[in-house]
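We use all heavy atoms of the structure for the numbers below, so side chains are in, but hydrogens, waters and symmetry mates are not. We name chains A, B, ... by the order of the sequence lines, and we start the count at 1 in each one.
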Amino acid sequence: MGSLQKYCLSLFIVLCVMSSCNNLSNETYYHMSDELRKSKSMEYTALAGLIERGSPKSMRLLEKAVRLDPNNDRAWRELSLPYLYAGMIKEWNENITKAIEANPQAWQSWRAHDRMYYFRDYAGALYDLDATDTLTKNQVDYAQNTSVDFLRGVCYLGMHDYPKSEEYFNIYIEDERSKVGDKFIDETAFLYLGIISLYKDRYDEAILYLKRGIKYEDGYADYHYHLARAYCYLGNNEKALKETEIALQKFDDNNHLQGYRYEALEQIYRTQITELRDVLLADSLKLASV
Amino acid sequence: MGKALLYIITFCSITSCDYYLINPHKHHVGVIEDNSIWKDDGFELCFEEKIFPGYYGRQNSGFSKSRDTLNNYFNDRYDNNGFTNISGYITIRFIINCKGKIGRFKIKQVGPDFRNTKFNDYITNHILEMVKGIQTWNPVRFQGYDYDSFYHITFKLDNGELTEILS
């Protein structure tokens with residue numbers, strides 16, 4: 001009887017070990033060739049892309065993809081995004097770092113983008129942008145369709161290094177002008193140049209930049225608000241008041257600079273426009289009474 | 001011998017299941033589960049079945065007034081109490097239920113290198129209490145109906161100063 005018990009127990013143990021080994025082999029995919037693992041990994045990544053990002057199914061598929069091929073940079077990047085959107089910074093960092101380790105050329109500028117717009121880590125973003133440029137010599141890189149020079153300009157503006165910011169916005173403008181023409185330059189570069197000129201008390205120059213920003217397209221309320229500021233500094237209250245009215249109208253139409261998820265750099269608010277308008281109105285009333 | 005066998009079995013079982021044990025992904029990334037024994041001041045979900053990310057929906061969830069009001073709220077109240085050696089990010093994650101009430105608070109702390117760290121209790125509690133003090137929240141909305149969602153506010157600290165409020 002005793003030996004039967006021992007026999008059953010041994011059999012049970014052997015079965016346990018065998019089934020766990022089978023599970024283990026399925027999870028490690030050791031039996032697959034490198035090529036097969038890579039293509040399977042890509043398939044899982046593509047499939048995950050068809051499922052709601054951040055959902056349990058999508059995350060499991062992506063984790064499977066990186067198990068199959070730890071160099072699948074796209075899967076690592078995809079894994080990082082739901083954490084980024086959920087404010088889970090450590091987890092985002094771990095996954096995006098893996099993506100960069102696997103393919104720095106593809107993802108380093110994207111980390112710069114995330115660092116800038118999600119964490120306002122401008123110094124860290126500049127480090128990534130510089131590293132990207134080192135990897136791709138004689139070529140202007142684009143992160144999320146934005147030139148790295150434009151992004152550098154934004155970074156320096158965020159760090160209040162206005163000369164450097166101006167320098168990079170101008171590099172960006174010249175580069176785009178030569179490639180696609182004046183009309184297709186991102187007007188935000190002119191908005192930021194206008195704001196920098198205002199910080200440096202160069203009001204006439206600010207007006208030139210801001211007007212250039214709305215030359216081809218009906219611009220945001222921001223252009224008109226900053227134009228109003230420039231006119232106000234120059235003592236032209238009439239023009240300033242006109243610009244605040246346009247700014248207010250556009251702001252109420254939700255036509256103003258906004259961040260994708262968080263506040264944009266130098267974003268304006270309605271109260272700023274109304275405060276400026278009230279000051280200008282009070283001044284004009286004062287003048288009328290004199 | 002018996003012990004060695006037991007260790008082998010345990011090891012094999014764990015390694016075979018690690019895929020599920022490490023991160024089982026029971027919910028959408030970001031969902032805050034209620035692991036506490038005590039409820040957050042009677043906070044309750046409207047729908048246990050689904051908690052949406054706050055950025056979903058026809059109307060995203062979040063602070064119901066403008067962002068500058070929120071910035072002013074924190075900037076006016078924040079006081080580092082002399083703790084000037086703190087740099088990094090404090091994220092307060094919480095749920096906004098369908099009635100606009102908030103609860104299930106979680107605090108995440110990372111340094112400037114985005115790795116986990118532990119800041120002074122005073123600072124984290126101070127920021128948490130400020131967040132708890134806000135009463136005006138919009139729930140996430142789909143097709144005219146309000147639902148529960150998870151949301152977060154990240155505070156960037158630089159040498160004890162509150163430099164960015166990311167919400």
Side-chain angles (χ1 to χ4, degrees), chain A residues 9-10 12-14 16-28 52-64 67 79 81-94 96-97 115 117-121 123-124 158 258-263 267-272, chain B residues 2 5-6 8-20 22-32 53-56 60 62 66-72 88-94 106 108-117 150-154 156 158 163-167:
Chain A
L9 191 65
S10 310
F12 175 71
I13 289 166
V14 168
C16 273
V17 171
M18 278 175 70
S19 69
S20 55
C21 283
N22 187 37
N23 278 345
L24 187 63
S25 73
N26 283 341
E27 288 299 329
T28 54
E52 182 192 358
R53 180 178 276 156
S55 64
K57 238 179 207 170
S58 165
M59 295 306 280
R60 283 183 200 142
L61 280 168
L62 290 168
E63 284 183 358
K64 233 177 200 186
R67 265 170 180 266
L79 274 171
L81 288 174
Y83 294 114
L84 176 68
Y85 301 152
M88 298 161 82
I89 305 173
K90 184 197 84 139
E91 292 81 355
W92 159 80
N93 183 49
E94 284 169 358
I96 190 69
T97 304
R115 278 176 152 176
Y117 292 111
Y118 288 86
F119 309 116
R120 303 282 163 82
D121 173 23
Q258 294 175 72
Y260 176 53
R261 263 196 225 280
Y262 300 130
E263 189 180 48
Q267 185 168 325
I268 59 163
Y269 291 96
R270 197 176 195 281
T271 46
Q272 286 171 272
Chain B
L5 202 62
L6 192 68
I8 292 168
I9 294 166
T10 315
F11 174 77
C12 286
S13 308
I14 288 173
T15 49
S16 64
C17 299
D18 68 344
Y19 179 64
Y20 302 98
I22 292 168
N23 193 344
H25 291 297
K26 281 196 285 180
H27 302 285
H28 192 288
V29 169
V31 165
I32 306 163
Y55 51 87
Y56 277 21
N60 297 353
S66 74
R67 220 173 239 155
D68 60 334
T69 313
L70 190 70
N71 292 351
N72 291 339
Y89 298 84
I90 296 177
T91 302
I92 309 291
R93 305 186 64 249
F94 51 95
K106 298 272 175 218
K108 292 233 165 205
Q109 305 166 60
V110 294
D113 58 354
F114 303 123
R115 285 166 202 230
N116 271 353
T117 190
F150 58 86
Y151 190 76
H152 69 271
I153 305 178
T154 298
K156 186 177 179 189
D158 198 2
T163 54
E164 300 285 352
I165 300 150
L166 302 160
S167 69

*Asks:* Quickly, which of Arg60(A), Glu63(A), Lys57(A) forms a side chain to side chain donor-acceptor pair (under 3.5 Å) with His25(B)? Name it, please.
*Replies:* Glu63(A)
*Asks:* What residue in Gly87(A), Ser55(A), Gly259(A), Ala123(A) has the most heavy-atom pairs under 4.5 Å with chain B?
*Replies:* Gly87(A)
*Asks:* If you round to the nearest 0.5 Å, how far is CZ of Arg67(B) from CD of Gln267(A)?
*Replies:* 6.0 Å
*Asks:* Can you tell which part of Glu91(A) gets under 4.5 Å to a heavy atom of chain B, answering side chain, backbone, both or neither?
*Replies:* side chain
*Asks:* Could you tell me which of Asp68(B), Asn60(B), Val110(B), Thr91(B) has the largest number of non-hydrogen atom pairs under 4.5 Å with chain A?
*Replies:* Asp68(B)
*Asks:* Please classify the contact between Tyr85(A) and chain B as side chain, backbone, both or neither, with a heavy-atom cut-off of under 4.5 Å.
*Replies:* both
*Asks:* Atom OH of Tyr260(A) and atom OH of Tyr55(B): how far apart are they, to the nearest 0.5 Å?
*Replies:* 8.5 Å
*Asks:* For the atom pair CE (Met59(A)) and NZ (Lys26(B)), what is the distance rounded to the nearest 0.5 Å?
*Replies:* 15.5 Å
*Asks:* Mind checking salt bridge (Lys or Arg N to Asp or Glu O under 4.0 Å) for Glu94(A) and listing every partner two or more places apart, or none if nothing turns up?
*Replies:* Lys90(A)
*Asks:* Which pair of non-hydrogen atoms, one from Lys156(B) and one from Asp121(A), has the smallest distance, and what is that distance?
*Replies:* NZ-CA, 3.9 Å
*Asks:* Out of Asn116(B), Thr154(B), Thr163(B), Asn71(B), which one racks up the most heavy-atom pairs below 4.5 Å with chain A?
*Replies:* Asn116(B)
*Asks:* How are the rings of Phe119(A) and Phe114(B) set relative to one another: parallel (under 30°), tilted (30 to 60°) or perpendicular (over 60°)?
*Replies:* tilted
*Asks:* Listed by chain and number, what are the salt bridge (Lys or Arg N to Asp or Glu O under 4.0 Å) partners of Arg120(A), not counting sequence neighbours?
*Replies:*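 Here the qualifying residues are Glu164(B).
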*Asks:* How many angstroms lie between atom CD1 of Ile90(B) and atom CD1 of Ile89(A), to the nearest 0.5 angstrom?
*Replies:* 10.5 Å
*Asks:* Which region of His152(B), side chain (C-beta onward) or backbone (N, CA, C, O), has a non-hydrogen atom less than 4.5 Å from a non-hydrogen atom of chain A, or is it both or neither?
*Replies:*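 Just its side chain gets close to chain A.
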*Asks:* Please determine, among Ser167(B), Ser66(B), Gly30(B), the option with the most heavy-atom pairs under 4.5 Å with chain A.
*Replies:* Ser167(B)
*Asks:* Taking the side chain as C-beta and beyond, is there a heavy-atom pair between Val29(B) and Tyr83(A) under 4.5 Å?
*Replies:* yes
*Asks:* Find the distance between NZ (Lys106(B)) and CE (Met88(A)) and round it off to the nearest 0.5 Å.
*Replies:* 10.5 Å
*Asks:* What's the separation between atom CG in Asn72(B) and atom OH in Tyr269(A), rounded to the nearest 0.5 Å?
*Replies:* 9.5 Å
*Asks:* Measuring heavy-atom distances to chain A, does Arg93(B) have an atom under 4.5 Å in its side chain, in its backbone, in both, or in neither?
*Replies:*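 Looking at Arg93(B), just its side chain touches chain A.
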*Asks:* Measure Arg115(A) against the heavy atoms of chain B and call it side chain, backbone, both or neither at under 4.5 Å.
*Replies:*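 Contact with chain B involves the side chain of Arg115(A) alone.
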